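As structure tokens, the structure follows; a few thoughts come after it.
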Amino acid sequence: MEIIYRKTIQTPLGEMAACAVEEGICLLEFTDRKNFEKQFISLSKALKADIEQGDHKHFIQLEKELEEYFEGKRQIFDVPIYITGTEFQEKVWQLLREIPMGETRTYKQQSEFLGNPKAIRAVGTANGINKIAILIPCHRVIGSNGELVGYAGGIWRKQKLLELEKAILF
């Protein structure tokens, strides 16, 4: 059985928990997000592994890249990630990674990019269960009316992340 390593990371927007396996970062979440503990249960079950506090080589790179991101010096993350989800969820998460920093898309646009314009709710659901905040930038998806909606880490964080990325002009 593989071990999933866990570490707490301090960021300008609050404390985050990170998890890593040999393949990459498999979780990065704000510790006060909705259903926080369920994320660990889901991850442990998906990977059939126990989660333990400990150091991992990917944490060093993750912390360096997050620091650069919050300083406005990094636009693309290079730290390896390891995602666990259905084929549809993985497509949604890959599409999120293709949204350039400084830009936003609507849930409708995302579903259209996937080739299924009626999958707006399914796209929203997949965004909501993304386990790797910031690196898989679900905060770049907004409502069709331009409103900031649907961010488990809190709408105020979504706004701060978009401001940092210069995607919000108000």
Side-chain angles (χ1 to χ4, degrees), residues 8-19 24-40 42-43 62-170:
T8 302
I9 298 173
Q10 300 300 325
T11 77
L13 295 183
E15 186 178 88
M16 297 186 85
C19 288
I25 298 298
C26 53
L27 183 137
L28 182 63
E29 289 289 358
F30 290 101
T31 58
D32 62 352
R33 76 158 272 167
K34 294 182 220 171
N35 301 317
F36 176 66
E37 290 302 322
K38 286 184 180 179
Q39 295 285 59
F40 293 110
S42 170
L43 181 64
L62 174 65
E63 288 181 285
K64 179 179 181 283
E65 290 184 12
L66 281 173
E67 183 178 323
E68 292 169 352
Y69 169 79
F70 282 110
E71 290 173 350
K73 298 176 182 174
R74 176 171 289 276
Q75 293 189 358
I76 296 170
F77 292 94
D78 298 316
V79 66
I81 63 171
Y82 183 69
I83 57 175
T84 57
T86 66
E87 185 179 335
F88 177 79
Q89 289 165 345
E90 290 183 14
K91 285 180 184 176
V92 170
W93 298 333
Q94 179 55 43
L95 194 57
L96 287 169
R97 295 180 78 196
E98 295 170 13
I99 303 172
M101 184 181 280
E103 293 183 24
T104 59
R105 290 193 190 144
T106 66
Y107 292 97
K108 183 178 181 181
Q109 287 173 317
Q110 288 292 87
S111 64
E112 289 168 348
F113 280 123
L114 285 172
N116 189 350
K118 294 184 179 186
I120 297 169
R121 287 179 194 252
V123 166
T125 299
N127 275 20
I129 59 174
N130 168 29
K131 290 180 184 66
I132 308 176
I134 301 175
L135 307 184
I136 298 179
C138 54
H139 61 275
R140 295 181 188 156
V141 181
I142 60 174
S144 292
N145 59 2
E147 285 190 29
L148 303 183
V149 294
Y151 191 64
I155 297 298
W156 71 272
R157 277 196 185 104
K158 184 173 193 159
Q159 181 167 342
K160 291 290 186 191
L161 290 168
L162 292 173
E163 287 172 356
L164 174 74
E165 297 177 0
K166 300 182 178 26
I168 296 293
L169 304 174
F170 56 87

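Everything numeric here is computed off the predicted structure, so don't read it as measured data.
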Heavy-atom check, side chain of Leu66 versus side chain of Phe77, under 4.5 Å: yes
Side-chain donor-acceptor pair present, Glu90, Gln94, cut-off under 3.5 Å: no
What residues, two or more places apart in sequence or in another chain, satisfy salt bridge (charged side-chain N to carboxylate O under 4.0 Å, His left out) together with [X]?
X      : value
Arg105 : none
Glu98  : none
Glu71  : Lys73
Lys64  : Glu68

Quick one: list whatever passes side chain to side chain contact (heavy atoms under 4.5 Å, CB included) with Leu164, sequence neighbours left out. Tyr69, Phe70
What residues form a side chain to side chain donor-acceptor pair (under 3.5 Å) with [X], not counting sequence neighbours?
X      : answer
Asn35  : none
Ser144 : none
Glu103 : none
Ser42  : Lys131

Of all pairs that satisfy side chain to side chain donor-acceptor pair (under 3.5 Å), the ones with a partner from residues 111-123, not counting sequence neighbours: none
Once ring-ring contact (aromatic ring centres under 6.0 Å, His included) is applied, what residue pairs with a partner in residues 107-152 remain, sequence neighbours excluded? none
Rounded distance (nearest 0.5 Å) linking atom [atom1] of [X] with atom [atom2] of [Y]:
X      : Y      : atom1 : atom2 : answer
Ile99  : Ile136 : CD1   : CD1   : 11.5 Å
Glu65  : Asp78  : CD    : CG    : 5.0 Å
Thr106 : Arg140 : OG1   : CZ    : 15.5 Å
Cys19  : Ile25  : SG    : CD1   : 8.5 Å

Cut-off 3.5 Å, no hydrogens considered: what does the side-chain donor-acceptor table look like for residues 8-16, sequence neighbours left out?
{"residue": "Gln10", "atom": "NE2", "partner": "Glu15", "partner atom": "OE2", "Å": "3.2"}
{"residue": "Thr11", "atom": "OG1", "partner": "Leu13", "partner atom": "N", "Å": "3.1"}
{"residue": "Thr11", "atom": "OG1", "partner": "Gly14", "partner atom": "N", "Å": "3.2"}
{"residue": "Thr11", "atom": "OG1", "partner": "Gly14", "partner atom": "O", "Å": "2.6"}
{"residue": "Glu15", "atom": "OE1", "partner": "Thr31", "partner atom": "OG1", "Å": "3.3"}

